[in-house]
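Notes to accompany the following structure.
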Amino acid sequence: MNEQERSGGRLGSGQPPEGFTVRLTEPAAGRAIFILILYRGGPSNVFRGFLDSHQVLDYSKTHDVYTNLSLFTQAPNEETMPYCSAQSPIFVGPLTITFRVLPSERMIIKKNPFVQAGGLYRPPHCLARYRSAILVAYRNQEKYLRHLLYYIHPFLQRQQLSYSIYLIQQVGNGTFNRAKLLNVGVREAMKDEDWDCLLLHDVNLVPENDYNLYVCDEYYPKHMSSAMDKFQYTLPYKSFFGGVSALTPEHYMKMNGFPNTYWGGGGENDDIATRIQLAGMKIVRTPPHLGRYKVMDYNEETKTQEPWRSPTSRHNTRKTWKDDGMNSLEFKLLSRTKHPLYTNITVDIGYVPPFS
Ligand SMILES: *[C@@H]1O[C@H](CO)[C@@H](O)[C@H](O)[C@H]1NC(C)=O
Ligand SMILES: *[C@@H]1O[C@H](CO)[C@@H](O)[C@H](O)[C@H]1NC(C)=O
Ligand SMILES: *[C@@H]1O[C@H](CO)[C@@H](O)[C@H](O)[C@H]1NC(C)=O
């Protein structure tokens with residue numbers, strides 16, 4: 001009885017054939033769990049070969065991000081719950097995204113009944129194959145945050161991931177330091193759980209296709225937002241690493257995290273791209289037909305955003321990366337609270353050059 005089928009890509013770092021299928025019967029269950037643990041090593045390859053339907057890429061036909069999510073219901077017995085299917089049964093491809101009406105917090109909570117305090121989710125119907133932490137550096141962008149939460153929660157649930165959403169909030173009026181806040185986020189998130197993947201996510205970006213999987217590449221840091229509407233769905237320049245990226249904790253530590261010393265917008269992303277290289281890695285990207293994102297209010301934003309400022313000292317990443325990053329990170333944790341839709345980490349990141 002209970003014959004289950006699992007299909008997917010490749011095991012660990014070996015090279016089994018694409019699209020292998022393992023048939024499991026009850027006596028094989030122990031071995032099967034072992035296989036599946038190995039199998040967790042190469043999740044980014046799991047879904048290759050599924051993109052054969054052109055519907056997946058037809059952006060003129062979009063679907064609501066909550067479509068069929070209610071098909072995921074609580075399994076009667078958690079102990080005998082099967083692993084989630086390699087491909088989610090409710091994928092629709094391109095999603096309908098609009099920022100015209102601001103959703104209320106109450107409505108978002110109501111539409112996501114399985115999200116627990118702190119923005120934590122485990123699929124109710126199956127054992128997740130993969131755990132991703134979503135880290136958002138944040139300051140006073142309530143409107144963006146609300147839109148993001150409305151879309152990102154169901155988006156991640158569609159992918160049958162275990163996940164948590166962390167907001168890392170910088171207090172005070174000083175210049176924003178996205179990279180340092182993300183370092184703080186990584187340190188704090190890893191205290192909760194041994195995450196498979198860290199998704200570093202700008203608050204004003206929303207993914208447009210549910211096949212854009214929020215899982216890491218096994219070998220290299222992955223840039224997810226390879227096609228933003230703001231840049232006419234192309235990369236603004238070759239080494240661009242801004243927006244949304246996915247790194248395993250190992251990738252992150254190997255490059256000593258992000259620099260703590262960039263203030264204001266922009267410069268840190270080039271430093272990060274350089275660090276990746278210096279740490280012996282390279283950037284891989286989600287293909288542009290899947291890595292599509294809508295950017296909120298970018299016309300308005302360019303009018304009101306903090307002026308781009310060049311770093312106060314000349315950064316020489318080659319010299320500084322080993323000393324400036326996770327190993328030199330200092331901050332004061334002011335509070336850590338569980339909002340129904342996210343974990344709110346508020347930090348004083350120390351001296352910040354005044355924003356004027
Ligand atoms: C929703 O699920 C039903 C039942 O499985 C299926 O028939 C339908 O095609 C799904 N809708 C979409 C848009 O995928
Ligand atoms: C932030 O700016 C406001 C208005 O300029 C000021 O009243 C407040 O004291 C500042 N707060 C900090 C922490 O510097
Ligand atoms: C996060 O927590 C801080 C401190 O408790 C609070 O002032 C702030 O409003 C919270 N931010 C969000 C977006 O929930």
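In each ligand, atom 1 is the first atom listed, and ligand 1 is the first ligand listed.
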Sub-3.5 Å N/O-N/O distance, Y138 and ligand 3: no
Contact bool for atom 7 (O) of ligand 3 (protein heavy atom, d < 4.0 Å): no
Atom indices of ligand 1, in the order listed, that fall short of 4.0 Å to a heavy atom of L71: 2 (O)
Pair I276-F241, side chain to side chain contact (heavy atoms under 4.5 Å, CB included): steps then yes or no: CA-CA 10 Å; I276 291 171; F241 200 64; 3.7 Å; yes
Option with minimal heavy-atom separation from atom 1 (C) of ligand 3, where the choices are V136, N344, L334, T343: N344
Closest protein heavy atom (residue, atom, distance) for atom 10 (C) of ligand 1: N68 ND2, 2.5 Å
Protein contact to atom 14 (O) of ligand 3 [nearest heavy atom, distance to 0.1 Å]: Y342 OH, 2.6 Å
Which of the ligand 3 atoms, numbered from 1, are nearer than 4.0 Å to a heavy atom of S335: 4 (C), 5 (O)
Heavy-atom side-chain contact between Y121 and F114 under 4.5 Å: yes
Numbering as shown, the atoms of ligand 1 that approach H63 to under 4.0 Å (heavy-atom distance): 13 (C)
Test of proximity, T337 against ligand 3: N or O pairs below 3.5 Å: no
Q169 to ligand 3, any heavy atom closer than 4.0 Å: yes
Stacked cation flag K111 on Y66, 6.0 angstrom / 45 deg: yes
Heavy-atom side-chain proximity of F176 to L181 below 4.5 angstrom: yes
Over-ring placement of R292 relative to Y59, 6.0 Å and 45° cut-offs: yes
Under 4.0 Å to a heavy atom of L167 - the qualifying atoms of ligand 3, by number: 13 (C)
Side chain to side chain, P340 and Q116, heavy atoms closer than 4.5 Å: no
Parallel, tilted or perpendicular: ring planes of Y166 versus W195, cut at 30 and 60 degrees: perpendicular
Reported CG-to-NZ distance for the pair L199 and K222, which is rounded to 0.5 angstrom: 8.5 Å
Contact atoms of ligand 3, heavy-atom distance to T346 under 4.0 Å: 1 (C), 2 (O), 3 (C), 4 (C)
